[in-house]
Number of protein chains: 2
Amino acid sequence: MLESAMSPRQISKPRARQTREARPYHHGDLRRVLIDAALQLAAEGAEVSVREAARRAAVSPGAPFRHFPNRDALMAAVAEEAQRRFRVEIEAALADAPAANALARFRAFGLAYVRWAMRNPAHFEIISTGRYFAHGSSAELTRDNAELIALTERMLTEAVAQGLLRSTDLKRVLIAGRALIYGFARMNLDGHFPRWGVEEAEIEEMAEGVIDLFISGISKP
Amino acid sequence: MLESAMSPRQISKPRARQTREARPYHHGDLRRVLIDAALQLAAEGAEVSVREAARRAAVSPGAPFRHFPNRDALMAAVAEEAQRRFRVEIEAALADAPAANALARFRAFGLAYVRWAMRNPAHFEIISTGRYFAHGSSAELTRDNAELIALTERMLTEAVAQGLLRSTDLKRVLIAGRALIYGFARMNLDGHFPRWGVEEAEIEEMAEGVIDLFISGISKP
DNA sequence: AGCGCGATGTAATCAACGCTTACATAATGG
DNA sequence: CCATTATGTAAGCGTTGATTACATCGCGCT
C-alpha cells in the first residue's frame with residue numbers, strides 16, 4: 001500500500017539483482033519468503049493462511065500458488081523447514097553430550113527435545129501433529145522424523161549392550177521412552193500444566209526429574 | 001435447494017408438536033441436536049463447521065447463533081459433552097477394577113484412558129488439545145479434567161501409603177505417569193505408530209506393556 | 001380468552017479464506 | 001534480438017463465521 005505512489009518499477013531495467021530495494025516485479029525467492037512468513041505467522045500464534053503469508057511477502061493473493069499447488073503443500077514445506085531446525089538443534093545437543101554413557105545421551109536427547117518443543121510450540125505442533133496438512137505429503141519430513149527415532153533406538157540399543165538396563169525388551173523401552181518425552185512436551189504445549197508453566201526453568205527442572213525417574217526405572221539396580 | 005418448490009410451511013397452522021413430521025418452525029432442542037451433529041461430524045473425521053452442523057439439523061445457517069454466541073462456544077459445548085463421556089467411561093473402568101491395589105487401579109485407569117482415546121480419536125483431540133476453542137472458555141471442562149488428574153493423584157498417593165513405590169516424590173511420579181499415558185495416546189492419534197496401528201489389539205498390548213514397564217519402574221523392588 | 005412479548009427461527013449480507021483462470025510482465029537463452 | 005518460459009497480478013467462484021433485520025411461534029399475564 002505504502003509504495004503505491006512510488007515509481008512503478010524504479011528504473012525501467014534496474015539490473016539491480018541483489019539489492020531488492022524496491023521489490024521488482026519478480027520477487028527474489030518468493031517460495032522461501034513465503035515459508036519464512038508462514039513460520040513466523042505460526043510462531044506468533046496466528047493461524048497460517050496463504051493470503052496472510054502473501055500479504056507479508058507484499059505479493060498478490062494468487063502468487064503463492066505459483067510455488068505451491070495448494071495450502072497443504074505450503075504447510076508441508078513449512079513443516080520440513082521446522083523439522084530441519086529441530087533436528088539440527090537435537091544433534092547439536094547430542095554433540096555436546098558425553099559419548100560414553102548411552103543413558104546420559106538419552107537424557108540429553110530428551111532434554112533438548114523438550115526444550116525445543118517449549119521454545120517453538122507452534123512449530124513443534126506442526127511437525128508432530130500431522131494435522132496441518134495431508135499425512136505423508138512430505139517424504140523428507142517423515143524421513144527426518146524416522147531418523148530421530150532411529151537415533152533414540154540406537155542409544156537404547158547401546159544401553160542394552162552396555163548392560164545398563166533391567167529389561168532387554170528394547171521395543172517396549174523405546175516406546176515408553178518416546179511416549180514419556182513426547183507426552184511431556186505435548187502436555188506442555190497443550191496447556192496441561194496450569195500456569196506455573198510461565199517459568200521455563202521450572203519446566204526444564206520437571207523434565208529433568210521425569211526423565212531421570214524414567215531412566216532410574218529402567219536401569220539395572 | 002430441493003424443497004424450494006414445496007409448500008412453504010406444509011400446513012399453515014400444524015399444531016403438530018411431538019410428531020416432528022414436518023419440522024415445525026421451532027426445532028425441538030436445537031442446541032442439543034447441534035452438539036450431537038458436531039460430535040458426529042468430528043467422529044467422521046470431517047472438520048466441524050457451524051454451517052454443516054446446521055445443515056444436519058435441517059436448519060438455516062444462522063440458527064445456531066441463537067444458541068451459541070460463536071463457533072468457539074459450540075466447540076466448547078462439544079468438548080464438554082465429549083469430556084463427560086470420557087469421564088463416564090474411565091469411571092466405569094475403575095469401578096470394575098480391584099479396589100485393593102492402588103497400582104493395579106492406576107494400570108486400569110491408564111488402559112481405559114488409552115482405549116477411549118483410540119476409539120474416539122477426534123473427540124479426544126478436541127478434549128485434550130485446547131486448540132479447538134479459546135482456552136479456558138469452559139469451566140466445566142477444566143473442572144472435569146482437573147478431577148481426572150486428582151483421581152490419578154489419589155491413586156498414586158495411596159500407592160505411596162501402601163508402601164509400593166520406590167520414590168516418594170509423588171509430584172514427579174504423577175507427572176511422569178500422566179506424560180507416559182498421555183504421550184502414548186497422542187502418539188497414536190498423531191500417527192507416530194506407522195501402520196501396524198491398524199490392529200487395535202496390538203496397540204492395547206503395547207499400552208499394557210508400556211504401563212507395566214512404568215509401574216515396575218516406580219515399584220519397590 | 002386473547003394478546004403481547006420474549007424466544008427462536010429465516011433471509012440477506014459481509015469479510016476472509018482457498019483456489020482457479022486469464023492476462024501481464026520480467027528473465028533467459030537460442 | 002526476440003520468443004519462450006517463469007512468475008507475478010486481477011478478477012472471480014464457492015465456502016466459511018458472523019451480524020442484522022425480519023418472521024413466527026408459544027408461554028404467561030391480565
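Each chain gets a letter, A, B and so on, in the order its sequence line appears, and its residues count up from 1. The structure presented is a predicted model; accordingly, all values stated were derived computationally and were not measured.
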Atom pairs under 3.5 Å: protein N/O with N/O of nucleotides 10-17 of chain D:
from    : atom 1 : to       : atom 2 : distance (Å)
dT16(D) : OP2    : Arg55(B) : NH2    : 3.0
dG17(D) : OP1    : Val50(B) : N      : 2.9
dG17(D) : OP2    : Val50(B) : N      : 3.2
dG17(D) : OP2    : Arg51(B) : N      : 3.1
dG17(D) : N7     : Arg51(B) : NH1    : 2.8
dG17(D) : O6     : Arg51(B) : NH1    : 3.4

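For the 3.5 Å distance criterion, the side chains of Asp190(A) and Tyr182(B) qualify, holding a donor opposite an acceptor. Donor-acceptor pairing under 3.5 Å is recorded for the side chains of Thr129(B) and Arg186(B).
Here dT7(D) presents its C1' atom at 9 Å from CG of Leu30(A), a figure rounded to the nearest Å. When the P atom of dA26(C) is taken as reference, atom CZ of Arg66(A) falls 16 Å away, rounded to whole Å. Rounded to a whole Å, the CD atom of Glu47(A) is 9 Å from the P atom of dG18(C). The distance from atom CE of Met75(A) to atom C1' of dG18(C) is 14 Å, rounded to the nearest whole Å. At whole-Å resolution of the value, CZ in Arg56(A) and C1' in dC17(C) are 16 Å apart.
Counting only residues at least two apart or in different chains, side-chain hydrogen bond (donor to acceptor under 3.5 Å, both in side chains) contacts with residues 204-213 of chain B comprise Arg107(B)-Glu208(B), Arg107(B)-Asp212(B), Arg115(B)-Glu204(B).
The side chain of His67(A) places an N or O atom within less than 4.0 Å of a non-bridging phosphate oxygen (OP1 or OP2) of dG8(D).
Note on ring orientation: taking the six-membered ring where Trp is involved, the planes of His123(A) and Trp116(A) are tilted (angle from 30° to 60°).
Here Arg87(A) does not pair with Glu81(A) in a salt bridge; the nearest charged N to carboxylate O distance is not below 4.0 Å.
The aromatic ring centroids of Phe214(B) and Phe184(B) lie 6.0 Å or more from each other.
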